[in-house]
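In what follows, chains are A, B, ... by sequence order, proteins preceding strands, each numbered from 1.
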Protein chains: 2
Amino acid sequence: MKKKILIHDIAQHLDVSIATVSLVLNGKAKEKRISDELARRVLTYVDEVGYKPNQLAKSLRTGKTHVIGLMVEDIANPFFATVAALIEKKALARGYRIIYCSTNNDPAKARDLLTMFQERHVDGYILALPNGLDAEVGALVRRDKPLVLFDRLLPGVSANAVVVDGATGMYQATQHLLAQGFRQVALVITQLGQTQMAARRQGYAQAMREQRRPELVYEISFPQEPEQMVQDLQAFFAAHPACDAVLFATNYLGVYGLEALRNLGRRIPDELAVISFDDNDLFRLYSPPITVVAQPMEAMAEDLISTLLAALDGPGDTGRIVQLQLTPQLVVRASSVRVPVGA
Amino acid sequence: MKKKILIHDIAQHLDVSIATVSLVLNGKAKEKRISDELARRVLTYVDEVGYKPNQLAKSLRTGKTHVIGLMVEDIANPFFATVAALIEKKALARGYRIIYCSTNNDPAKARDLLTMFQERHVDGYILALPNGLDAEVGALVRRDKPLVLFDRLLPGVSANAVVVDGATGMYQATQHLLAQGFRQVALVITQLGQTQMAARRQGYAQAMREQRRPELVYEISFPQEPEQMVQDLQAFFAAHPACDAVLFATNYLGVYGLEALRNLGRRIPDELAVISFDDNDLFRLYSPPITVVAQPMEAMAEDLISTLLAALDGPGDTGRIVQLQLTPQLVVRASSVRVPVGA
DNA sequence: CTGAAAGCGCTTACAG
DNA sequence: CTGAAAGCGCTTACAG
């Protein structure tokens with residue numbers, strides 16, 4: 001069919017040099033004092049025949065790919081899917097494309113994917129990583145690769161980051177439950193030891209300490225089969241009949257938790273008040289609607305992309321690090337509100 | 001830091017030619033009768049210094065990128081997010097990477113993204129497209145580009161495809177409702193005129209016709225703001241008080257529909273039975289649990305990737321087209337089961 | 001078995 | 001203002 005058209009073809013047709021065409025196409029016509037008239041002729045013809053420069057060749061030459069590597073825990077997780085969709089839209093609007101990958105919290109997989117990103121010469125990285133990649137990310141930072149961590153930090157690495165203040169979010173959620181008169185507030189959290197989980201736990205712990213309430217924390221092993229997690233949660237609730245409120249530290253724990261409570265026939269909030277981190281359709285439409293600590297996804301996506309682009313455009317300032325912390329919002333719904341006695 | 005190491009460096013160090021190193025690395029040592037011992041020396045050293053060939057240069061030379069372009073309607077839609085996650089995993093296992101993009105059902109955006117995929121020289125395409133891209137996709141097919149459509153077909157294009165038999169799915173769902181004794185079964189569907197929607201509608205229509213029931217179809221405009229869709233749905237249900245069962249043709253319609261019904265205070269299934277296309281956590285955990293027509297996502301992802309890889313590896317067989325149709329599964333839950341009168 | 005060389009399609013100093 | 005040429009880092013016929 002349509003023969004692939006090259007820069008050489010268009011130069012030949014217009015009887016100018018390849019350099020002229022390239023310069024015009026890259027907006028250096030003025031700088032190189034190419035006449036407006038010639039520049040216009042080039043642009044017109046390029047447009048007419050629909051010439052598109054080969055990006056591979058361009059990238060090989062310039063070292064830029066205009067591709068951003070985005071690594072999330074699991075693209076099927078609504079939190080990450082939503083952030084990814086927002087980032088994609090914003091990146092596209094600024095001329096960047098996204099390659100995304102899910103780590104499933106597996107450090108070995110994350111390591112491979114990071115290598116893959118490097119092999120593909122991505123211009124920048126947006127990363128929500130499992131623990132254990134400090135060395136790899138540290139190396140990227142030292143080589144001045146534009147990079148932003150999000151959702152969770154790596155303990156041993158100083159890098160650009162956009163995170164949500166989970167400590168405050170959980171502190172407020174816990175306070176809210178205690179203010180409603182719930183006595184035994186449990187926290188269900190993963191045992192992955194990631195920084196965002198540590199912060200959420202710490203917020204809970206602080207609120208409990210301030211009210212002189214004993215902590216009740218269930219660290220569930222993750223990842224494992226959903227059925228198993230539901231089982232584990234049922235066992236936990238069965239073992240703690242006096243527990244009258246529970247906080248789930250992330251969205252899928254909330255989902256599995258609701259399933260476990262349903263299986264046990266526990267009434268929410270009469271028998272057990274519930275709050276989950278992260279908001280989504282399920283929590284909003286559940287009966288009763290579930291109180292959540294909602295993360296500001298739009299702001300997060302915007303800050304991620306603009307921080308990364310600033311690093312990309314920046315003059316390779318070694319050492320300038322931007323760390324942003326966004327505030328989540330407690331959205332109170334029926335699942336955490338005390339039912340008047342005898343009502 | 002670490003200087004980027006090139007094939008030239010390793011050839012020089014081992015005192016062999018660049019060609020030898022390249023041949024060994026590309027598994028052509030045997031073919032070119034390079035001694036096993038030399039081949040081993042090369043591999044060992046490459047491994048030792050961690051040399052990674054520049055993929056950009058390699059791609060420019062070979063014309064292969066080992067990248068697959070995946071285009072979905074919206075990556076934040078759980079159906080597409082789940083399929084994308086499965087495809088990514090399977091592709092990675094076979095040495096391919098995914099670039100994904102969301103079209104948001106905008107033909108202009110889809111057209112741009114298709115151009116972008118071509119500029120990036122993706123090796124193959126997996127596409128769930130809005131209508132109106134027949135010409136563009138037709139051109140790809142004619143140029144023998146490996147490509148698989150999914151979820152919906154383009155009316156004017158013959159291409160590889162993996163779709164779900166939505167007609168049968170909806171037919172069974174409608175029959176089920178009628179068998180339960182519901183009388184006025186409505187269908188809520190988008191007005192986008194896409195093939196998957198047409199099939200689902202046709203399945204509903206056939207079941208209604210067979211039982212001599214009049215159709216009641218609400219074509220909602222899409223895309224628009226969620227709040228507006230909920231409003232529209234409330235107005236629809238308010239205008240049809242005699243309607244005692246409803247089918248939602250896709251997952252987000254189901255979600256908005258549940259929200260509308262909740263706002264109206266309609267009891268499910270007493271006042272209105274509900275079935276939605278697509279399964280997810282929300283439908284499974286809703287009170288009452290929602291009956292769904294579940295798509296076989298795992299099988300779909302597997303068929304998509306293997307069909308595409310077959311086309312990629314194939315001997316450029318012009319004209320060989322594979323079209324697979326998978327069977328969805330009706331999962332009956334409480335939302336569509338008649339409550340015994342007086343129970 | 002191995003080396004020198006062309007070429008993938010661009011960009012950009014360097015001369016004029 | 002414009003052209004000839006080098007070079008980005010590979011792969012692979014083609015000779016030996």
Would you classify B/Ile18 as touching base, sugar-phosphate or nothing, given that sugar-phosphate means primed atoms plus P, OP1 and OP2, and contacts are heavy atoms under 4.0 Å?
-> base
Mind checking whether A/Leu43 and A/Leu25 have side chains closer than 4.5 Å, heavy atoms only?
-> yes
Side chains of residues 297-304 of chain A: which donor-acceptor pairs under 3.5 Å do they make with residues two or more places apart or in other chains?
from     : atom 1 : to      : atom 2 : distance (Å)
A/Glu298 : OE2    : A/Lys90 : NZ     : 2.9
A/Glu302 : OE1    : A/Lys90 : NZ     : 2.9
A/Glu302 : OE2    : A/Arg94 : NH2    : 2.9

5'-most contact on DNA chain D (nearest-nucleotide basis), A/Ala19 vs A/Ser35, goes to A/Ser35
Would you mind classifying the nucleic acid contact of A/Thr62 as base, sugar-phosphate or nothing, using non-hydrogen atoms under 4.0 angstrom?
-> sugar-phosphate
Hey, which sits more toward the 5' end of DNA chain C by its nearest nucleotide, B/Leu60 or B/Ile34?
-> B/Ile34
Expressed in whole Å, how much space separates the C1' atoms belonging to C/dG16 and C/dT12?
-> 16 Å
Comparing B/Lys32 with B/Arg61, nearest DNA chain C nucleotide closer to 5' gives the residue B/Lys32
Check for a donor-acceptor pair, side chain of B/Thr65 on one end and backbone N or O of B/Ser59 on the other, with a separation under 3.5 Å.
-> no
Can you tell me if A/Asp123 uses its side chain to pair, donor with acceptor, with the backbone of A/His66 under 3.5 Å?
-> yes
Would you write the dot-bracket representation of DNA chain C, where each base gets (, ), [, ], | or . depending on whether it forms a Watson-Crick or G-U pair under 3.5 Å and with which partner?
-> |||.||||||||.|||
Please tell me which of B/Ile7 and A/Asp15 maps to the more 5' nucleotide of DNA chain D, matching each residue to the nucleotide holding its nearest heavy atom.
-> A/Asp15
Parallel, tilted or perpendicular for A/His13 and A/Tyr45, by the 30°/60° rule?
-> parallel
Does any N or O in the side chain of B/Asn26 come within less than 3.5 Å of the main-chain N or O of B/Lys28, such that one atom is a donor and the other an acceptor?
-> no
How would you give the extent of chain A contacts on DNA chain D, as first and last nucleotide 5' to 3' within a 4.0 Å heavy-atom cut-off?
-> D/dC1 to D/dG9
Work out which heavy atom in A/Ile98 is nearest to a heavy atom in A/Glu88; give both atom names and the distance.
-> CG1-CA, 3.9 Å
Closest non-hydrogen atom pair, B/Leu326 against B/Val162 | CD1-CG1, 4.1 Å
Side-chain ion pair, B/Asp106 and B/Arg111, N-O less than 4.0 Å = no
Is A/Lys28 touching bases, backbone alone, or none of the nucleic acid, heavy atoms closer than 4.0 Å?
-> sugar-phosphate
